[in-house]
Amino acid sequence: MTERKIILIIQLVVVIGLTLGIVIGIFTSNQNLLGSMILFLLPMAIIVGLTSPVTGILLLLMLSGYIEHYKRLTMLFTDFTGLDLIIILALPPCLMASAVVGTSYQSIMGRFRAARWIWLIFWLCAVYSVLILIIVMPKAGFARAGQAVANGPLYSYMLFVIPILFPTVQRLRQLIVLVVVLYIPVALYGIYQSVYGFADFEIEYITSGYTLLVLFYYIGDLRPFSTLSEPTALGACSGIMACYAAALWIARREIFKHPYTGWLILSLVPLFIYSNYISMVRSTFGIVPFAILVFLATQKKGGTILLYITAAAGYVSLIVFSNDIIRNIYTIQSFVDSILGVGRLSTVLTFTARLQSFERLRNPSTYSLFGLEDPGPGHDNLTLFITYYGVVPLVIFMMIAGYTLWKLHQTIWNMQNPRLKRMASLLLGTFLGTFLVGMIAGSVVGTFPINVFMWLSLAAALSIARQDVLNTKAQRPPPRPAAAATSTSAIGPG
């Protein structure tokens with residue numbers, strides 16, 4: 001019996017057993033129906049991720065857009081508890097973790113092929129995860145430490161699993177198309193909320209105390225969030241999906257049998273752009289422009305170097321001149337109002353908190369090896385990371401991202417297929433655009449499912465670029481063998 005048949009038998013036994021457990025549990029108890037289903041589905045998802053990592057990743061991506069909506073639906077039951085909330089929120093990270101374990105085990109056993117550079121990324125992510133766990137656990141306990149790993153390092157393992165599980169351009173195309181299609185209802189429902197408001201069960205959940213959206217509800221500033229956790233998630237994911245659709249269109253002649261399929265995908269870009277707009281989270285408006293800028297700059301080595309120098313100089317300038325900008329913030333607000341008019345989109349004063357966060361980076365007491373006992377407030381990724389985790393985890397994170405980006409840029413520069421080169425560049429731009437927005441507005445990168453798609457973008461770009469290089473090497477003709485030397489003496493006297 002082959003290994004694949006054994007895995008299928010295990011999955012079948014688990015599915016049948018847990019299905020029977022769900023049915024028996026639902027009809028013999030008075031507990032929350034949806035919560036009970038998740039309680040039974042959680043071990044099933046873990047088994048699926050361990051035995052079939054591809055299925056686990058697909059389930060993760062499918063749930064990413066709707067698990068929060070499922071959580072809100074549980075409020076239809078009067079016996080909803082904090083335990084139900086924990087179980088529901090644990091499903092995506094458990095799927096990701098089990099898929100990572102399953103991929104690494106099956107790679108060791110020889111079912112999947114993993115290059116040495118992929119294993120290097122795996123070990124860097126592992127060290128990063130363990131370090132975050134060790135730092136947070138003494139300060140906040142195991143539960144908070146697990147949450148910190150789930151929101152931070154866990155989804156960076158996409159850089160490990162995606163090149164292994166989806167090694168060809170066609171497999172990646174299927175994956176990205178699936179994600180884009182799955183998020184069409186998310187965008188449409190966000191637009192629906194912007195026009196018709198929120199359903200009763202959504203208001204009931206918001207006012208339940210299980211979400212920070214209650215603050216915006218009572219001040220009258222509740223914005224559309226669709227089936228996701230908050231407006232920031234809707235805005236960021238919509239911007240990312242717009243980039244995904246554009247990337248598929250760019251390489252349409254390479255990845256689709258019929259070119260009109262690419263144009264059909266491209267027609268979704270305005271939908272996602274509008275969904276990004278109605279979220280009214282202005283920081284997420286920068287994802288698409290940043291992605292386009294990176295796409296244009298990273299085609300060649302000189303443009304790439306100029307891009308990183310400019311981005312670093314701009315960010316350092318925000319830190320250095322943060323105090324001066326705060327002192328003149330009202331003058332800047334008056335200038336913006338004179339151009340754009342008074343309104344939510346033209347408000348600059350709300351940037352004050354982020355500038356104060358940048359100002360903390362000028363203080364030497366902000367820095368420590370493994371985080372501060374009292375981190376204090378922070379509104380950008382760098383300040384939050386340094387104050388909570390310290391300089392050592394930051395260096396490891398920069399090693400992971402730096403090594404991956406270095407490998408990716410080198411590969412993109414050497415790509416021979418121009419369409420796939422542009423597709424990889426735009427996916428890289430999606431990652432960097434999301435990351436840059438997070439460097440300014442810290443609530444972006446650590447929010448589910450934004451962190452999933454940020455790392456998926458980088459992993460997909462890396463996988464496409466590596467596949468193009470491998471295809472180019474495979475198409476090269478083998479070297480001709482050297483002609484055998486002959487001599488007249490070997491032939492004999494004529």
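All values reported here derive from a predicted model rather than from experimental measurement. The first residue of the sequence shown is numbered 1, and numbering continues consecutively from there.
Of all heavy-atom pairs spanning Ser98 and Ile46, the tightest one is CB-O, 3.5 Å. Across every non-hydrogen atom of Val161 and Ala99, the tightest pair is CG1-O, 4.4 Å. Glu230 and Leu213 make their closest contact through CB-CD2, 4.2 Å (heavy atoms, listed as atom of the first residue, atom of the second, distance). Closest non-hydrogen pair, Pro449 versus Ala233, comes out as CD-CB, 4.4 Å. The two residues Gly65 and Val186 come nearest to each other via the heavy atoms O-CG2, 3.9 Å. In plain terms, the two heavy atoms of Ala236 and Ile450 that are nearest each other are CB-CD1, 3.5 Å.
Judged purely by atom type and a 3.5 angstrom limit, Ser238 has no side-chain atom pairing as donor or acceptor with the backbone of Gly235. Within the 3.5 Å criterion, the main-chain N or O of Val48 finds no donor-acceptor partner in the side chain of Thr55. Using a distance-only test at 3.5 Å, with no hydrogens or angles considered, a donor-acceptor pair links the side chain of Arg223 to the main chain of Met280. Using modelled atom types, one side-chain atom of Thr366 and one backbone atom of Arg360 make a donor-acceptor pair closer than 3.5 Å. Side-chain atoms of Ser275 never come within 3.5 Å of backbone atoms of Ile191 as a donor-acceptor pair (strictly under, hydrogens ignored). In this structure a side-chain-to-backbone donor-acceptor pair under 3.5 Å is missing from Ser463 to Ala459. Using a distance-only test at 3.5 Å, with no hydrogens or angles considered, a donor-acceptor pair links the side chain of Tyr367 to the main chain of Leu361.
Judged as a ring-ring contact (aromatic ring centres under 6.0 Å, His included), and not counting sequence neighbours, Phe290 has no contacts. Taking the side-chain hydrogen bond (donor to acceptor under 3.5 Å, both in side chains) definition, one finds that Tyr315 meets it with Asp380, sequence neighbours left out. Legend: residues meeting ring-ring contact (aromatic ring centres under 6.0 Å, His included) with Phe198, ordered by chain and number and at least two apart, are Phe225. Under the salt bridge (charged side-chain N to carboxylate O under 4.0 Å, His left out) criterion, Arg419 pairs with Glu254, not counting sequence neighbours. Scored by the ring-ring contact (aromatic ring centres under 6.0 Å, His included) test, Phe431 finds Trp455 as partners (sequence neighbours excluded). Scanning for side-chain hydrogen bond (donor to acceptor under 3.5 Å, both in side chains) contacts around Thr103 gives an empty result, with sequence neighbours left out. The side-chain hydrogen bond (donor to acceptor under 3.5 Å, both in side chains) test applied to Ser64 returns Tyr183, not counting sequence neighbours.
Sequence neighbours left out, the pairs with a member in residues 239-248 that pass side chain to side chain donor-acceptor pair (under 3.5 Å) are Tyr244-Ser457. For residues 420-440, every residue pair satisfying the side chain to side chain donor-acceptor pair (under 3.5 Å) rule, not counting sequence neighbours, is listed here: Gln299-Ser425. Legend: side chain to side chain donor-acceptor pair (under 3.5 Å) pairs involving residues 186-197, not counting sequence neighbours, sorted by first then second residue: Tyr189-Glu202, Gln193-Glu202. For the salt bridge (charged side-chain N to carboxylate O under 4.0 Å, His left out) condition, the pairs that include at least one residue of residues 317-333, sequence neighbours left out, are Asp324-Arg327.
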Working note: Tyr128 + Met399, criterion side chain to side chain contact (heavy atoms under 4.5 Å, CB included); need CA distance, chi angles, decisive distance, verdict.
CA-CA 10 Å; Tyr128 178 35; Met399 288 173 61; over 6 Å; no
Check the pair Tyr155 / Phe448 against side chain to side chain contact (heavy atoms under 4.5 Å, CB included), numbers first and verdict last.
CA-CA 10 Å; Tyr155 296 109; Phe448 181 86; 3.6 Å; yes
Passes side chain to side chain contact (heavy atoms under 4.5 Å, CB included), Phe453 versus Leu61? Steps please.
CA-CA 9 Å; Phe453 295 115; Leu61 297 177; 3.9 Å; yes
Taking it one step at a time, do Leu188 and Ile184 satisfy side chain to side chain contact (heavy atoms under 4.5 Å, CB included)?
CA-CA 6 Å; Leu188 290 174; Ile184 294 174; 3.9 Å; yes
Anything under 3.5 Å between a donor and an acceptor, one on a side chain of residues 262-273, the other on a protein residue two or more places apart or in another chain? List them.
unit_1, atom_1, unit_2, atom_2, d
Ser267, OG, Leu264, O, 2.4

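Taking CZ of Arg72 as the start and CD1 of Ile203 as the end, the distance is 10.5 Å to the nearest 0.5 Å. In this structure, Asn323 CG and Glu359 CD are separated by 4.0 Å, a value rounded to the nearest 0.5 Å. Remark: Leu436 CG to Leu293 CG distance equals 9.0 Å, nearest 0.5 Å. The CG atom of Leu432 lies 5.5 Å from the CG atom of Leu405; values are rounded to the nearest 0.5 Å. With rounding to the nearest 0.5 Å, the separation of CG in Leu59 from CG in Leu91 is 8.5 Å. In this structure, Trp249 CH2 and Leu426 CG are separated by 10.5 Å, a value rounded to the nearest 0.5 Å.
Within the 4.5 Å cutoff, side-chain heavy atoms of Ile176 are placed close to those of Leu248. Taking the side chain as every heavy atom from C-beta outward, Ser279 and Thr232 never approach each other to under 4.5 Å. When side chains are defined from C-beta on, Met439 counts as touching Leu382, because their heavy atoms get closer than 4.5 Å. Proximity of Met241 to Val179: side-chain heavy atoms (C-beta onward) are separated by under 4.5 Å at one or more points. When side chains are defined from C-beta on, Asn451 does not count as touching Thr447, because their heavy atoms never get closer than 4.5 Å. Proximity of Leu318 to Ile325: side-chain heavy atoms (C-beta onward) are separated by under 4.5 Å at one or more points. Residues Leu462 and Ile121 have side chains in contact (heavy-atom distance under 4.5 Å, counting atoms from C-beta outward). Phe295 places none of its side-chain heavy atoms less than 4.5 Å from the side chain of Leu427.
Within 6.0 Å of OH on Tyr66 lie more than 12 heavy atoms contributed by other residues, nucleotides or ligands.
Aromatic ring centres of His409 and Tyr308: separated by under 6.0 Å.
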